[in-house]
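For clarity, every value in this text was computed on a predicted model and none was experimentally measured.
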Amino acid sequence: MIYISEEESAALVTHELAFEAAREALVAAASPQSRIFPAVLGRTREPTNTFSIKSGSADHLTGVKIGSFWTGNPARGLPRHNSTIVLLDPHTGQLGAVIEAGKVNAYRTAAADAVAADLLARKQAKVLAIFGAGNQAGFEVMALARIRPIETVLVVARPSSRRDALVNQIGEKGLEARAALAEEAVRAADIVVTATPSREPLFDAAWVGPGTHVVGMGSDAPGKRELPSELFPRARLFCDLISQSVQIGEFQHVRDEIDASVLSVTAIGDVIEKRAPGRRFDSEITVFDSSGISLQDLYMAEALIRAKSSHH
């Protein structure tokens, strides 16, 4: 049995490793050979402590990811988010690997959004608007700045020390960063990323200009919502996994329209494999819903095991 601790996985993970693993996972997700099962969303007696179990299998990989969010952890000097990936041995179903993946999970989520943005955002995208100043926001910014010539980052979040810390952190990476209001940020942005626990739209569809790429990352449970549905008829819609996106992702709110084929959604794996077009011209609005799939975690685990063995 292979075990990789949080400390070890955090030292092994890079944006490059995560990007390649996410790309493989998104291709697998769009292949009929893979299986991804409905996410289990749980909570403890303290209703603010929540966890999710995402499972799947592809090729030679089978396993689960357990993600947890414990609101009281910062007071204990611990991160709110933790994540554990369990791989089963493909031949026997016995325990194959356990990988603590708290920090890895932030890289993995941002990497999927970067893989999609590489196919959907305009090549010259320079201005990034990010909604939210939580744990995920900084990772999203750095993953996108790797694949597009981002110069300016507009942070939309309530005034707080976390917001100021994020602005400073982005500035230290050599990008121009500042806090902005929602309307100003969306109107100026080439790429808009939402990374919040919101249950209502964060901005007005009318503010989104031609050629913008919009990433909805925060919606991962029933009732969550970050994007205005009025945007969708004007845009081309993409996601990591359609069956999950319409249950717990951003497209849960337009499920009837998708079922009735009034709106169509493309799995990003089909774009990677050139079975479907990504961005076709500069004035298109593109939307990617990133609900987060188990295969991302399984391929990340495999990449980390490879990285660990090559380090020894």
Side-chain angles (χ1 to χ4, degrees), residues 13-23 25-26 103-157 163 165-180 182 185-196 202-203 208-209 211-220 226-227 235-240 249-250 268 271-272 278-279 282 284-293 296 300:
V13 70
T14 64
H15 282 294
E16 289 76 8
L17 177 147
F19 186 92
E20 292 309 318
R23 194 172 181 280
L26 291 166
K103 189 168 194 182
V104 160
N105 195 68
Y107 277 89
R108 151 268 196 209
T109 301
D113 297 341
V115 169
D118 204 20
L119 299 161
L120 301 177
R122 292 201 316 276
K123 290 281 179 254
Q124 288 312 307
K126 290 182 177 64
V127 179
L128 170 61
I130 177 115
F131 282 76
N135 176 58
Q136 190 62 32
F139 291 93
E140 296 287 329
V141 170
M142 294 328 296
L144 291 169
R146 271 188 69 237
I147 56 140
R148 287 295 181 271
I150 303 296
E151 292 170 5
T152 306
V153 180
L154 304 173
V155 177
V156 185
R163 184 187 73 176
L166 177 65
V167 168
N168 290 337
Q169 179 200 331
I170 297 167
E172 282 163 13
K173 304 281 192 197
L175 301 171
E176 182 201 332
R178 59 185 169 84
V186 173
R187 286 189 185 278
D190 299 309
I191 302 175
V192 175
V193 178
T194 58
T196 75
L202 297 168
F203 57 86
V208 179
T212 308
H213 174 56
V214 179
V215 183
M217 188 237 99
S219 294
D220 58 0
E226 299 182 296
L227 309 182
R236 291 188 54 234
L237 311 180
F238 301 85
C239 69
D240 44 15
E250 200 57 49
I268 199 70
V271 180
I272 299 171
R279 171 173 292 278
D282 273 357
E284 267 183 332
I285 296 172
T286 52
V287 174
F288 178 64
D289 177 44
S290 179
S291 59
I293 52 173
Q296 288 164 244
M300 281 297 280

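The CD atom of Q296 lies 4.5 Å from the CD1 atom of I293; values are rounded to the nearest 0.5 Å. Between the CG atom of L166 and the CD1 atom of I170 there is a distance of 4.0 Å, given to the nearest 0.5 Å. Atoms NE2 and CD1, on H15 and I147 in that order, are 11.5 Å from each other to the nearest 0.5 Å. Interatomic distance, L120 CG to H213 NE2, rounded to the nearest 0.5 Å: 5.0 Å. We find the CE-CZ distance between M300 and R108 to be 8.5 Å, quoted to the nearest 0.5 Å. Here CZ of R279 is found 9.0 Å from CD1 of I285. Values are rounded to the nearest 0.5 Å.
Annotation for A180 and L154: closest pair CB-CB, 4.0 Å, computed over non-hydrogen atoms. Here the shortest heavy-atom pairing between A157 and G132 reads CB-C, 4.2 Å. In terms of heavy-atom proximity, A22 sits nearest to V115 at CB-CG2, 4.2 Å. Summarising the geometry of A143 relative to A114, their closest heavy-atom pair is O-CB, 3.7 Å, with the distance given to 0.1 Å. Across every non-hydrogen atom of V287 and A235, the tightest pair is CG2-CB, 3.8 Å.
Side chains of L175 and T152 form no contact here, defined as non-hydrogen atoms less than 4.5 Å apart. Side-chain contact between V271 and F238: present, with at least one pair of heavy atoms (C-beta onward) separated by less than 4.5 Å. Side-chain contact check for L144 versus L128: some heavy-atom pair is nearer than 4.5 Å. Here the side chains of T286 and V214 are not in contact, with every heavy-atom distance at 4.5 Å or above. At least one side-chain heavy atom of V153 sits under 4.5 Å from a side-chain heavy atom of I130. In this structure, R163 and V155 have side chains that are in contact, with non-hydrogen atoms separated by less than 4.5 Å. L202 has its side chain out of reach of L227: every pair of non-hydrogen atoms, C-beta onward, lies at least 4.5 Å apart. Using a 4.5 Å heavy-atom cutoff, the side chains of F203 and V192 are in contact.
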>> Checking D118 against R148 for the salt bridge (charged side-chain N to carboxylate O under 4.0 Å, His left out) test, could you report, in this order, the C-alpha distance in whole Å, the side-chain angles of both residues, the deciding distance, and whether it holds?
In response: CA-CA 8 Å; D118 204 20; R148 287 295 181 271; 2.8 Å; yes
> Under the side-chain contact (heavy atoms from CB on, under 4.5 Å) criterion, do F139 and K103 qualify, and how do the steps go?
Replying inline: CA-CA 10 Å; F139 291 93; K103 189 168 194 182; 4.1 Å; yes
> Going through the distances and angles, do S290 and D113 end up as a side-chain hydrogen bond (donor to acceptor under 3.5 Å, both in side chains)?
Replying inline: CA-CA 7 Å; S290 179; D113 297 341; 2.8 Å; yes
>> Show, in sequence, the C-alpha distance, side-chain angles and deciding distance for F288 and D240, and conclude whether the side-chain contact (heavy atoms from CB on, under 4.5 Å) test is met.
In response: CA-CA 8 Å; F288 178 64; D240 44 15; 4.2 Å; yes
> Could you walk me through whether E176 and E151 pass the side-chain contact (heavy atoms from CB on, under 4.5 Å) check?
Replying inline: CA-CA 6 Å; E176 182 201 332; E151 292 170 5; over 6 Å; no
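Considering only residues two or more places apart in sequence or on other chains, R187 meets the salt bridge (Lys or Arg N to Asp or Glu O under 4.0 Å) condition with E183.
Sequence neighbours left out, the pairs with a member in residues 119-128 that pass salt bridge (Lys or Arg N to Asp or Glu O under 4.0 Å) are R122-D190.
Aromatic pair F19/Y107: ring centres not closer than 6.0 Å.
Under a 3.5 Å cut-off, the side chain of T212 and the backbone N or O of V208 do not form any donor-acceptor pair. Using modelled atom types, one side-chain atom of E250 and one backbone atom of E226 make a donor-acceptor pair closer than 3.5 Å. Although no hydrogens or angles enter the test, the distance criterion places no donor-acceptor pair under 3.5 Å between the side chain of D289 and the main chain of C239.
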